[in-house]
Amino acid sequence: MIMKNRFLLAAILLLGTISMQAQSSGKGIDQLQTEMYKYFSTPEQEKFMEVTEQLKEKSLEINDEQTFYKAWGNQAIYLSTHEQRTKAMEVVNEMKLYAYEHKSNFGEYTATHVQGTVYLRMQNYVGAENSFKDAVELLHTHFPGESAAADYLELITICNRRNNAEEGKKYGEKVLKEPNLQPQHKIRAFSMLCQYAYTQGDRDRFNELYSEWKELLRQTSGGALESTVEVEHLIINEQYEEALQLCEQVPIRNRANMQAKIYHLMGDDTKAYKYLRQANSVRDSINREDQTNIFSEYIIQSQNERLENERLRLEDENKNLRMRIYIILVIVVILISAYLLYQRQKKLRLLREDNKTLAEERQKAEKAQSEAQKALDLKREFLYNISQELRTPLNPITGMSDLMSDDEYQFQTEERVAMSQHIKDNSKLLTKMVDNMIELSFYESKTSLPMDPPISPNIICNHMVDALGKECPEGVELRFETSVPSFVSVITNVECTEKVIKHLASNAFSHTTSGSVTLRCDQEDDHICISVEDTGTGVAPELADHIFTSVSTGSHIKTTGMGLSICQAILKLLNGRIYLDKKYRRGARFVFELPIAPEVK
């Protein structure tokens, strides 16, 4: 009960650590805070969490950052107080990450302070001490006019647990020097300094601090007397009989120790020994209870984590199943669409043949519409080629599946494995074609892309070289070269730029069996040139002018060939351009340009 009351006080002090109190709009915030403290010392965890979540949501609505983080911190303190320390630390880490992402100094301070409180509850004094010291530094850095007394008082508690009186005394004196010091913090500081003076047997210093402490209690007209300090005052002033009577009000954790000391000072060592044994028994009992609570909590937490992992595993399996079904449906829809488009193309061809008799009358109108017709022809050719390429992997998949299911054919194991692998390869090719179609359609439907903050092109290229290393064919070296200084940045969408590099590199890998593929960065005037060059088969001269619209790269079709079209669509959205370097003779060299950030032009 003493520990729970102490952590309820920690929750209340958390609200009062910084004097910049949030201004509540309406009665909603006040009512929710009242309910939060109503449930804090009860086992009704579900209600407490529900109330604090409502308080957090309400605080976000009115942009009350401080009440939001205080409510979140009290969730961690509640879990720690109710023997769920591991879960409490998870809440603290989540709050720290959120505060960092939202650049909230108050949130970072609150999370660090609560982390120290949870560590203290876990008896991790090293972690608690580091956390409270970090909290003091954050408070002094970002809120220099506010008091760090709450953190110093917790550091004093840690010093007491370690029997480090000198260090605790220093922290106590630091409390009294803090700005905007609240009365309850000042009272606690005087109380602890009194105890240090008592431990050192410094009667004059003790009485001086005791007088200031009593006067402060009188001025606040609401502070409760601490029986331990009162008994120490009687002992150090040799009023032993009165001290024995007041010992009954001292917490049981310290009572027997004080009684033993009083009897020793009175010369009755028999009774002193009796109470000393009693004190040791009480201390051992409390230590055993604390250790039992911690051990029980770890067992419960371990079981909860096991159940949670099992739940997540089942969710992943369901998600994967849904994804497979979705992919199958998408493929079916695309195949049906491709078939319908093919039928439409066939009807259009028949219609053009029937309309030949009207060619002379429509000559002038067709001339005006020639450019539009060229674009339409390209689209039709694209759709026709796509439908043909879809049949390329589908035909072997269908044929081999029929053979494998026919009982008249008896295949050897090696034959079945080879056929199964061929089906898988064609399925992957089909999936790649579908992905490229979706990606090309996505970028062609866009009118713009969001731009990221300026970034060095060297960073993007280095990252892509690392990412593409596993895809590089055996016997081919993947290299990166740059002449661009590290301080030069470009304006671009990093994700889309990396997609362009990936498509160009994949194209180079598919046509290069030996030599190297080089990713290079150069600066020209007000733009950056990023190129991908290879030592492969190169591009035939008759295809060079149509490389970004053609869907094939030779007699043997390996992909849909839409990668370059996707690159061109992305570069249009990035205010850049892409082209084939026709002067390069060792293979193929594709170059795309990105604008340099204005501040480094």
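Any value given below was found using the heavy atoms of this structure, including those in side chains, with hydrogens, waters and symmetry copies removed.
At a threshold of 4.0 Å, the pair Glu317-Arg313 counts as salt-bridged, since one of the basic side-chain nitrogens sits closer than that to a carboxylate oxygen.
Considering only heavy atoms from C-beta on, Val114 stays 4.5 Å or farther from Asn74 through its side chain. Taking the side chain as every heavy atom from C-beta outward, Gln31 and Lys58 never approach each other to under 4.5 Å. Residues Lys499 and Tyr443 meet the side-chain proximity criterion, which asks for heavy atoms closer than 4.5 Å. The side-chain heavy atoms of Leu564 and Phe590, taken from C-beta on, include a pair separated by under 4.5 Å.
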Let's go through Glu315 and Lys319 carefully: what are the C-alpha distance in whole Å and the side-chain angles of both, what is the deciding distance for salt bridge (charged side-chain N to carboxylate O under 4.0 Å, His left out) to 0.1 Å, and is it a yes or a no? CA-CA 6 Å; Glu315 287 184 356; Lys319 183 178 179 181; over 6 Å; no
Stepwise side chain to side chain contact (heavy atoms under 4.5 Å, CB included) check, Glu65 with His102
CA-CA 11 Å; Glu65 176 191 44; His102 289 75; over 6 Å; no
message: As a quick check of understanding, evaluate side chain to side chain contact (heavy atoms under 4.5 Å, CB included) for Ile570 and Phe592, giving each step before the final call.
response: CA-CA 11 Å; Ile570 291 175; Phe592 66 92; over 6 Å; no
task = May I have the step-by-step check of side chain to side chain contact (heavy atoms under 4.5 Å, CB included) for Tyr584 and Ser531, ending in yes or no?
result = CA-CA 12 Å; Tyr584 186 79; Ser531 63; over 6 Å; no
* **Chi angles and distances behind the side chain to side chain donor-acceptor pair (under 3.5 Å) call for Glu35, Gln54** => CA-CA 11 Å; Glu35 287 188 38; Gln54 292 175 1; over 6 Å; no
Would Glu444 and Ile566 count as a side chain to side chain contact (heavy atoms under 4.5 Å, CB included) here? Give the steps. CA-CA 8 Å; Glu444 287 187 340; Ile566 293 171; over 6 Å; no
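Residues Arg85 and Ser80 approach most closely at CG-O, 4.0 Å, considering heavy atoms. Counting all heavy atoms, side chain and backbone alike, Cys461 lies closest to Ile530 at SG-CG2, 4.1 Å. The two residues Tyr69 and Ala99 come nearest to each other via the heavy atoms OH-CA, 3.5 Å. Of all the heavy atoms in Pro450 and Asn493, the pair that sits closest is O-ND2, 2.8 Å. Of all heavy-atom pairs spanning Pro598 and Ile491, the tightest one is CD-CD1, 3.4 Å. A pairwise comparison of heavy atoms in Val476 and Thr513 identifies CG2-C, 3.6 Å as the closest pair.
For the pair Ser510 (side chain) and Asn507 (backbone), a donor-acceptor distance under 3.5 Å is present. No donor-acceptor pair closer than 3.5 Å links the side chain of Asp522 to the backbone N or O of Cys529. Using a distance-only test at 3.5 Å, with no hydrogens or angles considered, a donor-acceptor pair links the side chain of Thr535 to the main chain of Ser514. Put simply, the side chain of Thr81 gets close to the backbone of Ile77: a donor and an acceptor are under 3.5 Å apart. Side-chain atoms of His142 never come within 3.5 Å of backbone atoms of Leu138 as a donor-acceptor pair (strictly under, hydrogens ignored). Without hydrogens or angle criteria, Ser445 side chain to Phe442 main chain gives a donor-acceptor distance under 3.5 Å.
Residue pairs meeting the salt bridge (charged side-chain N to carboxylate O under 4.0 Å, His left out) criterion with at least one member in residues 567-581, sequence neighbours excluded: Arg577-Glu593, Asp581-Arg589. Sequence neighbours left out, the pairs with a member in residues 447-458 that pass side chain to side chain donor-acceptor pair (under 3.5 Å) are Asn458-Thr482.
Side-chain contact annotation: Glu498 with His463, donor-acceptor N/O pair under 3.5 Å present.
Interatomic distance, Glu53 CD to Met36 CE, rounded to the nearest 0.5 Å: 12.0 Å. The distance from the OG atom of Ser516 to the CZ atom of Arg479 is 4.0 Å, given to the nearest 0.5 Å. The OG1 atom of Thr492 lies 8.5 Å from the CG atom of Leu449; values are rounded to the nearest 0.5 Å. Rounding to the nearest 0.5 Å places CD1 of Ile459 at 7.5 Å from OG of Ser489. If you take NZ on Lys87 and CD on Gln45, they are separated by 5.5 Å, rounding to the nearest 0.5 Å. The structure places NZ of Lys96 at 9.0 Å from CE of Met89, a figure rounded to the nearest 0.5 Å.
Ring-plane geometry between Tyr98 and Phe68 is classed as tilted, the angle between the planes lying from 30 to 60 degrees on a 0 to 90 degree scale. Classification of the Tyr109-His113 ring pair by plane angle, with boundaries at 30° and 60°, yields tilted.
Crowding of Tyr100 atom OH: a count of heavy atoms from other residues, nucleotides or ligands under 6.0 Å not exceeding 12. Surrounding CD of Glu101 are more than 12 heavy atoms belonging to other residues, nucleotides or ligands, all under 6.0 Å away. The number of heavy-atom neighbours closer than 6.0 Å to NZ of Lys502, taken from other residues, nucleotides and ligands shown, is 12 or below. For CD of Gln343, the number of neighbouring non-hydrogen atoms (other residues, nucleotides, ligands) closer than 6.0 Å is greater than 12. For Glu57, the CD atom is loosely surrounded, since the number of other residues' heavy atoms within 6.0 Å does not exceed 12.
Annotation: side chain to side chain donor-acceptor pair (under 3.5 Å) contacts of Glu108 (sequence neighbours excluded): none.
Checking Asp466, Leu468, Thr518 one by one against Leu478, the side-chain contact (heavy atoms from CB on, under 4.5 Å) holds for a single residue, Leu468.
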